[in-house]
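Below is one structure; the comments refer to it alone.
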Amino acid sequence: MTQRVDTLLIFGASGDLTARLLLPGLAQLLTSQPERSLTLIGAGGADWNDEEWRKVVTDSFSQVDAKGAAVESLLKGTRYVKADVTDPAELTKLLGLATGTPAIYFALPPAVAAKSVTALQGVDIPKGLTLALEKPFGMDVASAEALNGELAKLVPENQVHRVDHFLGRSTVFNILGLRFANRIFEPLWNAEQIAKIDIVYDEMLALEGRAGYYDSAGALIDMIQSHLLQVMAVLAMEPPSTLGQNDLRDAKELVLRATHVWGDDPTASSRRARYTAGTIDGRELPSYADEKGVDPARETETLAEVTLEIQTWRWKGVPITLRSGKAIGERRREIVITFKPAQQVPVGLTGVNTPTVLRIFVAPDAMSLEIDINGPGDPYELERASLEATFGDGQLLAYREVLAGILDGDPSLSVRGDSAVEGWRILAPVIAAWKSDEVPLDEYPAGSEGPSSWKPIG
């Protein structure tokens with residue numbers, strides 16, 4: 001651990017993101033690193049005093065059984081300030097409370113975070129200030145570029161963390177280790193051997209009271225643009241020389257720069273749908289259009305699929321499908337690499353004859369390799385077998401890894417500014433086609449696998 005940040009200021013401290021994700025992640029980090037010294041200051045719109053804030057922090061910390069010297073020290077010294085974080089005068093007061101090198105975490109809606117960034121330009125910026133912003137970063141290419149420009153007026157790029165909790169160290173490094181520490185895989189990792197790749201993140205959760213954000217984003221922006229493109233980039237990138245921030249982020253950027261909608265045809269290469277009333281685990285769910293806070297006229301999708309192509313020597317011709325949906329009957333978080341079938345199976349072998357499939361599961365991290373082998377009975381008959389392995393216990397919270405990078409000044413797994421823009425560039429044709437109703441908005445019952453007319457992937 002090489003600690004860089006001494007004070008963490010959370011803007012939007014009274015919001016759901018802080019209590020549900022940030023604080024438990026921070027608690028787990030402090031429990032595992034009791035030598036860490038950190039001051040926590042919360043700022044938000046709620047009219048809380050320090051004791052009310054300390055209870056919120058304590059309750060969140062208790063979710064992960066936080067303990068140790070670092071936890072006790074932080075709880076004793078944490079404080080809360082009701083503040084308008086888009087007001088330069090109030091920002092000056094907040095930064096004046098910080099000791100040592102500060103970091104600001106914008107746990108705010110994107111539009112408010114952007115206003116706060118602009119307001120900071122009227123403030124004396126402390127040396128070494130780190131800025132961390134949640135997704136989505138901008139709402140299109142132009143706004144992402146503009147926000148990059150505003151941030152560049154404040155701090156250098158390596159002091160900006162565009163948070164993507166999917167890029168937690170365990171998941172990313174498990175993929176890197178699998179690919180580059182095992183010679184058996186890397187020679188096969190190309191269009192000559194791989195038929196297709198599917199990256200799926202389906203969840204059983206429905207809207208869960210998040211209409212204020214989700215209804216203006218939808219599955220395409222909330223998950224595919226913000227997260228799954230980054231997972232794809234790690235999966236497909238060229239071997240980096242080191243695991244330093246420059247090498248890792250350069251390698252991801254080269255992948256994204258070469259990525260296009262399959263066939264440059266967003267109508268044929270994308271699908272969208274939203275859930276209707278249904279049941280998940282015995283719980284009755286209303287239609288998405290009837291959820292509180294939803295504007296049905298927006299036609300926000302809760303399930304999105306997009307097929308892409310990385311136009312490089314390694315990947316040209318391999319369809320890569322990204323999919324994410326809410327209110328799906330079974331949770332599915334996996335990367336599926338389907339290899340091309342055997343060129344020739346000797347005459348005389350019977351039974352199954354299917355391509356080899358490598359599955360990499362996310363949270364908990366594991367993998368399986370599905371192959372055809374001779375069965376235990378008839379030696380001439382092929383049967384399917386699965387070789388399985390786990391990468392770890394999967395107990396580290398994603399935001400623990402996010403916060404470790406922020407506090408230690410390591411942005412290697414955050415999204416670099418140019419990559420954030422590329423994400424919008426890649427999906428711009430799909431977004432335009434959906435807004436023009438060139439792609440129908442299908443429906444699926446909550447608790448199902450999706451629209452019955454859709455062909456399953458992976």
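Rounded to the nearest 0.5 Å, atoms CG (D365) and CG (L178) are 11.0 Å apart. Of the inter-residue distances, the one linking I175 atom CD1 with L235 atom CG reads 5.5 Å to the nearest 0.5 angstrom. Summarising the geometry, atom CG belonging to D198 is positioned 4.5 Å from atom CD1 belonging to I457; distances are rounded to the nearest 0.5 Å. Separating the CG atom in L91 from the CG atom in L120 is a distance of 5.0 Å, to the nearest 0.5 Å. Taken to the nearest 0.5 Å, the CD1 atom of I335 stands 5.5 Å off from the CD1 atom of I199. A distance of 11.5 Å separates CG in L254 from CD1 in I310, rounded to the nearest 0.5 Å.
Residues E305 and R323 are paired through a salt bridge, judged by an N-O separation under 4.0 Å between the basic side chain and the carboxylate. A salt bridge is defined here as a Lys NZ or Arg NE, NH1 or NH2 lying under 4.0 Å from an Asp or Glu carboxylate O, and R425 with E422 meets this definition. Using a cutoff of 4.0 Å between basic side-chain nitrogens and carboxylate oxygens, R162 and E157 are scored as salt-bridged. Between R271 and D442, no side-chain nitrogen of the basic residue sits less than 4.0 Å from a carboxylate oxygen of the acidic one, so the salt-bridge criterion is not met. No salt bridge links R249 with E253; every basic N to acidic carboxylate O contact stays at or beyond 4.0 Å. Look at R332 and E334 and you find a salt bridge, because one of the NZ, NE, NH1 or NH2 atoms lies within 4.0 Å of a carboxylate O, short of that distance. A salt bridge does not link E291 with K326: every distance from a Lys NZ or Arg NE/NH1/NH2 to an Asp or Glu carboxylate oxygen is 4.0 Å or more. Between K252 and D247 there is no salt bridge, since none of the side-chain N atoms of the basic residue sits less than 4.0 Å from a carboxylate O of the acidic one. Between D410 and R4 there is no salt bridge, since no side-chain N of the basic residue sits under 4.0 Å from a carboxylate O of the acidic one.
D140 contributes a side-chain N or O that, together with a main-chain N or O of S143, makes up a donor-acceptor pair within less than 3.5 Å. For T390 (side chain) and A366 (main-chain N/O), no donor-acceptor pair under 3.5 Å exists by modelled atom type. For the pair D202 (side chain) and R331 (backbone), a donor-acceptor distance under 3.5 Å is absent. With E370 contributing its side chain and L358 its backbone, the two residues share no donor-acceptor pair below 3.5 Å. Judged purely by atom type and a 3.5 angstrom limit, Q159 uses its side chain to pair as donor or acceptor with the backbone of L129. Of the possible polar contacts, one joining the S116 side chain to the V85 backbone as a donor-acceptor pair under 3.5 Å is found. No side-chain donor-acceptor contact under 3.5 Å links D281 to the backbone of R283. Without hydrogens or angle criteria, S216 side chain to Y213 main chain gives a donor-acceptor distance under 3.5 Å. Not one N or O on the side chain of N182 forms a donor-acceptor pair closer than 3.5 Å with the backbone of I184. Side-chain N or O atoms of T130 include none that pairs as donor or acceptor with a backbone N or O of A103 at under 3.5 Å.
With sequence neighbours excluded, no residue forms a side-chain hydrogen bond (donor to acceptor under 3.5 Å, both in side chains) with R210. Here R314 pairs with R179, E186, W189, N190, E238, P239, T312 under the side chain to side chain contact (heavy atoms under 4.5 Å, CB included) rule; sequence neighbours left out. Taking P341 as the reference, P355 meet the side chain to side chain contact (heavy atoms under 4.5 Å, CB included) condition, with sequence neighbours excluded.
Considering every non-hydrogen atom in both W454 and R272, the closest pair reads CZ2-O, 3.5 Å. In terms of heavy atoms, P136 sits closest to I221 at CB-CG2, 4.0 Å. The nearest pair of heavy atoms linking L38 to V5 is CD1-O, 4.0 Å. Of all the heavy atoms in A195 and P319, the pair that sits closest is O-CD, 3.3 Å. In plain terms, the two heavy atoms of T86 and P88 that are nearest each other are O-CD, 3.7 Å. Here the closest non-hydrogen pair linking A144 and W424 is CB-CD1, 3.7 Å.
Considering only heavy atoms from C-beta on, T92 stays 4.5 Å or farther from D124 through its side chain. Within the 4.5 Å cutoff, the side chain of E388 has no heavy atoms near those of the M367 side chain. Within the 4.5 Å cutoff, side-chain heavy atoms of S448 are placed close to those of P445. For the pair F180/L243, no side-chain contact is recorded, criterion being any heavy-atom separation below 4.5 Å from C-beta on. Residues I426 and Q225 are not in side-chain contact: their nearest non-hydrogen atoms beyond the backbone lie 4.5 Å or more apart. Residues V261 and T307 are not in side-chain contact: their nearest non-hydrogen atoms beyond the backbone lie 4.5 Å or more apart. Looking at Y214 and V294, their side chains never come closer than 4.5 Å, going by heavy atoms from C-beta outward. Residues Y201 and H227 form no side-chain contact, since every pair of their non-hydrogen atoms from C-beta on lies 4.5 Å or further apart.
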Worked check of salt bridge (Lys or Arg N to Asp or Glu O under 4.0 Å) between D408 and R36: CA-CA 11 Å; D408 296 339; R36 188 182 288 274; 3.0 Å; yes

Derivation and outcome, side-chain contact (heavy atoms from CB on, under 4.5 Å), residues I104 and L95: CA-CA 9 Å; I104 298 174; L95 287 170; 4.0 Å; yes

Chi angles and distances behind the side chain to side chain donor-acceptor pair (under 3.5 Å) call for Y444, S452: CA-CA 7 Å; Y444 62 99; S452 58; over 6 Å; no

Stepwise side-chain contact (heavy atoms from CB on, under 4.5 Å) check, T7 with T101: CA-CA 6 Å; T7 299; T101 303; over 6 Å; no

Residue pair V57, L40: steps toward the side-chain contact (heavy atoms from CB on, under 4.5 Å) verdict: CA-CA 10 Å; V57 178; L40 175 65; 4.3 Å; yes

Test log, rule salt bridge (Lys or Arg N to Asp or Glu O under 4.0 Å), inputs K82 and D87: CA-CA 12 Å; K82 181 181 180 182; D87 182 336; over 6 Å; no

Working for side chain to side chain donor-acceptor pair (under 3.5 Å), residues T300 and R274: CA-CA 7 Å; T300 300; R274 68 179 176 186; over 6 Å; no

Pair L23-Y399, side-chain contact (heavy atoms from CB on, under 4.5 Å): steps then yes or no: CA-CA 9 Å; L23 292 176; Y399 276 86; over 6 Å; no

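Remark: E90 CD is packed, more than 12 non-hydrogen atoms of other residues, nucleotides or ligands lying under 6.0 Å away. In the displayed structure, K115 atom NZ is contacted under 6.0 Å by at most 12 heavy atoms of other residues, nucleotides or ligands. Within a 6.0 Å radius of CD in Q63, other residues, nucleotides and ligands contribute more than 12 heavy atoms. In this structure, E150 places its CD atom where more than 12 heavy-atom neighbours from other residues, nucleotides or ligands lie under 6.0 Å away.
The side chain to side chain contact (heavy atoms under 4.5 Å, CB included) test with Y105 singles out one residue from L9, L403, L131, L133, and that residue is L403.
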